[in-house]
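Scope of the values below: all heavy atoms of this structure, side chains included, with no hydrogens, waters or symmetry mates. Each residue takes its place number in the sequence, starting with 1. As the structure lists them, so they are numbered: ligands from 1, and atoms in each ligand from 1.
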Amino acid sequence: MDEEQRKILLESASRFPRPQGVKLSYGTAGFRAEASILSSAVFRVGILAALRSLKTQSVIGLMITASHNQVSDNGVKVADPSGGMLTQEWEPFADAIANAVDAEDLVRLITDFAKKENISFGANQLAQVLLGRDTRPSGEALLEAAKQGVNSMVGSVAIDMGVLTSPQLHWMVRSRNKGMKASELDYFEQLFNSFGYLIDLIPQETMLQLMDDKLKVDGANGVGGEKLEELKKLLKGLVIQVHNSGKEGGILNDKVGADYVQKEKVVPRGFGPIEVGIRCASLDGDADRLVYFHVLSERNDKIDLVDGDKILSLFALFIKEQLSILNKEENENANNDHPVRLGVVQTAYANGASTIYLQQMGLEVVFTPTGVKYLHEKAADYDIGIYFEANGHGTILFSENFLCWLEAKNSELASISKGSEQQKAALRLSAVSKLINQAVGDALSGLLLVEAILRHMGWSIQKWSELYQDLPSRQLKVKVADRTAVITTNAETVVVRPPGLQELIDAETAKYSKGRSFIRPSGTEDVIRVYAEASTQEAADNLAKSVVLHVDRFLGFGSS
Ligand code: 16G
Ligand code: MG
């Protein structure tokens with residue numbers, strides 16, 4: 001690092017001093033904390049993003065959001081050149097610089113890291129970082145901090161993309177690096193064009209079956225509602241009403257949004273008796289999660305939740321159906337078959353009933369720890385990999401190989417059997433690959449795919465929900481002195497440390513029919529999470545409570 005670069009860094013870093021007594025960790029999806037203590041971390045992540053751009057010689061993304069957390073929190077996460085999450089190899093460096101005590105310490109860490117990673121500095125080394133933020137009031141000032149971080153690396157440019165959903169920013173990064181069009185309008189165009197193709201390909205016989213084409217969406221009073229209002233202007237044949245768009249003065253994530261609806265299983269604010277039976281959906285604060293629901297009764301706030309597992313099941317069913325249409329005709333013609341590897345990725349939070357349903361469909365189901373980066377990586381091993389967390393974050397990944405094959409297939413079919421069922425199946429798969437975000441889970445594109453598939457099947461939300469019946473479950477959390485004391489294995493289903501705890505969980509679980517329970521340290525909060533599932537709600541509640549007691553005895557403050 002030359003003297004000039006060093007001087008700029010020292011000078012700008014001293015404008016963003018680290019708050020005393022705060023230790024930050026990059027966690028499952030970036031740094032998150034009370035917004036007022038974040039500017040130094042965000043400034044430093046700006047530097048990291050510029051370094052990542054120099055290292056990869058690609059465009060990098062930096063998103064200011066705290067997703068479903070309360071409005072006074074904020075956060076920052078980095079998108080890698082593929083549009084996916086920052087490589088895990090750089091997370092320790094993120095932790096180190098966020099916690100560097102002062103400007104000198106920071107510059108020393110950067111110098112050492114750059115040497116280790118072979119990153120060259122200088123005016124002829126260009127770096128580009130796209131910046132986005134959600135609608136939080138603290139976002140503007142934090143975006144400025146990020147900008148100054150990026151700009152303090154000589155030759156680096158920060159481009160402010162404004163208020164965006166997280167998946168939009170990830171999509172833009174991916175598109176730029178692939179040399180494709182990458183503006184917000186391009187994003188909207190890609191969504192509504194591919195949605196339109198799918199609608200045009202709906203079989204005649206199901207076209208008129210759907211009971212109600214009205215959809216009501218809870219926008220969590222965040223960026224997703226705002227963007228959906230824009231997108232819906234372009235969509236034909238889909239009646240969307242957005243509630244909680246943020247414009248009516250509601251508070252972000254306050255008793256609204258996908259996280260609230262999925263965890264509490266009650267109607268969000270702004271929804272009530274008038275929605276009984278109507279298809280409703282809920283987005284989270286940065287619109288990378290989506291769940292559906294319908295209101296059950298005029299008398300209370302109970303809902304029938306259609307969560308990420310059921311969205312996954314719907315997607316899997318549709319993709320499998322299209323693949324089998326494609327393959328069936330192929331066998332008849334005895335053409336060279338292409339065995340398509342279709343895989344499904346879940347976490348331990350997936351409802352046990354969904355896993356059984358998917359396996360009975362003949363699908364390969366694999367498990368990873370919680371967190372998009374793990375699921376995404378695993379799904380990328382397949383020709384078509386579908387991943388979802390129960391909380392509604394997920395997408396469908398198509399491998400480059402498969403897409404090349406599909407493109408060739410499409411041209412072949414267009415010339416030899418235009419209009420055949422086989423050709424339609426190929427066209428549908430190709431439209432899905434364009435509609436569904438290839439960078440990260442995206443509530444807006446996921447919502448359009450759900451809507452297209454329901455129309456294709458001629459299904460109401462009730463029919464969809466009946467695919468299988470969820471096992472009753474309960475999630476609780478325990479405050480502990482040190483959550484890192486819990487170490488798990490087997491995709492978080494088995495506790496390795498502290499020794500003896502897993503045996504106690506097993507003994508409790510064995511008492512219940514269809515019992516299943518696991519614990520894991522949260523990646524975003526200072527707690528241990530407890531999950532339990534059993535054949536009745538009462539049993540699931542009791543199992544969860546008894547596991548909480550064991551966790552508390554081992555690690556807690558004895559308050560539970
Ligand atoms: C983050 C993750 C989400 C995960 C959740 C778990 C991303 C983009 N988001 O929101 O995938 O389910 O954390 O939170 O990776 P927890 O560790 O506090 O339970
Ligand atoms: Mg989110």
Salt bridge flag under 4.0 Å for residues E89 and K55: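 Answer for the salt bridge query: no.
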Presence of salt bridge, K227 and E184, under 4.0 angstrom: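 Looking at E184 and K227, the cut-off is met.
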Ring centre gap for Y26 and W90 strictly below 6.0 Å: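 For Y26 and W90, the ring centres are not under 6.0 Å apart.
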The Mg ion (ligand 2) - name of the N/O/S atom of D286 that sits closest to it: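 Sorting the N, O and S atoms of D286 by distance to the Mg ion (ligand 2) puts OD1 first.
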Atom name in D288, limited to N/O/S, at shortest distance from the Mg ion (ligand 2):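 This turns out to be OD1.
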Check: D304/H294 side-chain N/O donor and acceptor closer than 3.5 Å: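 On atom types as modelled, these side chains qualify, holding a pair under 3.5 Å.
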Do [X] and ligand 1 have an N or O pair less than 3.5 Å apart?
| X | result |
| --- | --- |
| K77 | no |
| T370 | no |
| V372 | yes |
| D288 | no |
| R520 | yes |

Any E492 heavy atom less than 4.0 Å to ligand 1: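 In this structure, E492 fails to qualify as a contact of ligand 1 - no heavy atom is under 4.0 Å.
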More than 12 heavy atoms from other groups under 6.0 Å of [atom1] on [X]:
| X | atom1 | value |
| --- | --- | --- |
| K216 | NZ | yes |
| K232 | NZ | yes |
| E229 | CD | yes |
| E140 | CD | no |

R529 contact mode with ligand 1 (heavy-atom cut-off under 4.0 Å):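 For R529, only side-chain atoms sit under 4.0 Å from ligand 1.
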Within reach of ligand 1, part of N391 (heavy-atom separation under 4.0 Å):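 The part of N391 near ligand 1 is the side chain, not the backbone.
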Between the candidates [options], which shows the shortest non-hydrogen contact distance to [atom]?
| atom | options | result |
| --- | --- | --- |
| atom 1 (C) of ligand 1 | T524, T347, L375 | T524 |
| atom 17 (O) of ligand 1 | G523, G371, G392 | G523 |
| atom 4 (C) of ligand 1 | Q475, M63, M85, E389 | E389 |

2.8 Å cut-off met by an N, O or S atom of S166 to the Mg ion (ligand 2):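 So S166 does not bind the Mg ion (ligand 2) by this criterion.
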The Mg ion (ligand 2) contact by D284, N, O or S atom under 2.8 Å: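 Checking the Mg ion (ligand 2) against D284, an N, O or S atom does fall under 2.8 Å.
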Protein residue, atom and distance nearest to atom 2 (C) of ligand 1, heavy-atom basis: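 The closest heavy atom on the protein side is T28 CG2, 4.0 Å.
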Aromatic Y468 / basic K310 pairing, under 6.0 angstrom, 45° off normal: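 So K310 does make the cation-pi contact.
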Option from D254, D218, D301 for which salt bridge (Lys or Arg N to Asp or Glu O under 4.0 Å) with R269 holds: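 Answer after filtering D254, D218, D301: D254.
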Atoms of ligand 1 close to [X] [distance to a heavy atom under 4.0 angstrom, numbered from 1]:
| X | result |
| --- | --- |
| H68 | 10 (O) |
| A29 | 7 (C), 8 (C), 9 (N), 15 (O) |
| R289 | 5 (C), 10 (O) |

Under 3.5 Å: donor-acceptor pair, side chain of D80, backbone of T87: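 Answer holds: yes.
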For A544 against R474, the heavy-atom pair lying closest together: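 Residues A544 and R474, closest heavy atoms: CB-CG, 3.8 Å.
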